[in-house]
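These notes are about the structure you will find just below.
If you're wondering where the values come from, they're calculated on a predicted model, not measured in any experiment.
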Amino acid sequence: MDQILLEGLEFYSYHGCFKEEQVIGTWFNIDIILWGDFHKASLSDNIQETVNYLTVYQTIKKEMEQPSKLLETVAQRIIDVILLSYPPITQIDVKLSKLNPPLGGKIKSVGVRMSKSRI
């Protein structure tokens, strides 16, 4: 199975349970692995035979613009819309991290990792 990787996507968003997070916002980082059969594209050199990274990025950006309290909710929305929108993708892995979370100490990030397969 082939993979397409989108790593280090950064978004400023308003996800969190604390009121301050919903008002002030913070930075988030996303890494995504998309599984599928992209062999045809490797032979044809035709973007129509694969998944367009730009449209996947735009899909993720749109989901990140919708505030949610839980990272799990955001990650699940991203998974659902990508599997619905891109039939060649058979499996997806999403790692969503909140950078510098307000937990009362120096913490680089907190996050969730969620995966789903069509099979």
### Residue Asn46 excluded, over 12 heavy atoms near CG under 6.0 Å
yes
### Task
Can you see which heavy atom on Pro101 is nearest to which on Val110, and at what distance?
CG-CG1, 3.8 Å
### Message
For the backbone of Leu99 and the side chain of Thr26, can you confirm whether one donor and one acceptor N or O come within less than 3.5 Å of each other?
### Response
yes
### Query
Going hydrophobic residue to hydrophobic residue with side-chain gaps under 4.5 angstrom, can you get from Met114 over to Tyr86?
yes
### Query
Do you know which two heavy atoms are closest between Lys69 and Gln22, and how far apart they sit?
CG-NE2, 4.0 Å
### Query
Once you round to the nearest 0.5 Å, how far does CG of Leu34 lie from CD of Gln3?
9.0 Å
### Query
Where the side chain of Asp93 meets the backbone of Arg113, is there a donor-acceptor pair that is under 3.5 Å apart?
no
### Query
Under 3.5 Å, is there a donor-acceptor pair between the side chain of Tyr57 and the main chain of Leu6?
no
### Message
Using every non-hydrogen atom in the two residues, find where Ala75 and Leu96 come nearest and quote the distance to one decimal.
### Response
N-CD2, 4.0 Å
### Message
Between Ser13 (side chain only) and Met64 (backbone N and O only), is there a donor and an acceptor less than 3.5 Å apart?
### Response
yes
### Message
On a heavy-atom basis, which atom in Phe28 and which in Leu71 lie closest, and how many Å separate them?
### Response
CE2-CD2, 3.5 Å
### Message
If we ignore hydrogens and angles and just use 3.5 Å, is the side chain of His39 paired with the main-chain N or O of Asp2 as donor and acceptor?
### Response
no
### Task
Spell out, yes or no, whether Tyr53 and Ile32 are grouped together once hydrophobic residues are joined by side-chain heavy atoms under 4.5 Å, including indirect joins.
yes
### Task
Could you tell me the separation between the NZ atom of Lys95 and the OG atom of Ser109, rounded to the nearest 0.5 Å?
6.5 Å
### Query
Does Ser97 reach the main-chain N or O of Gly111 with its side chain, forming a donor-acceptor pair under 3.5 Å?
no
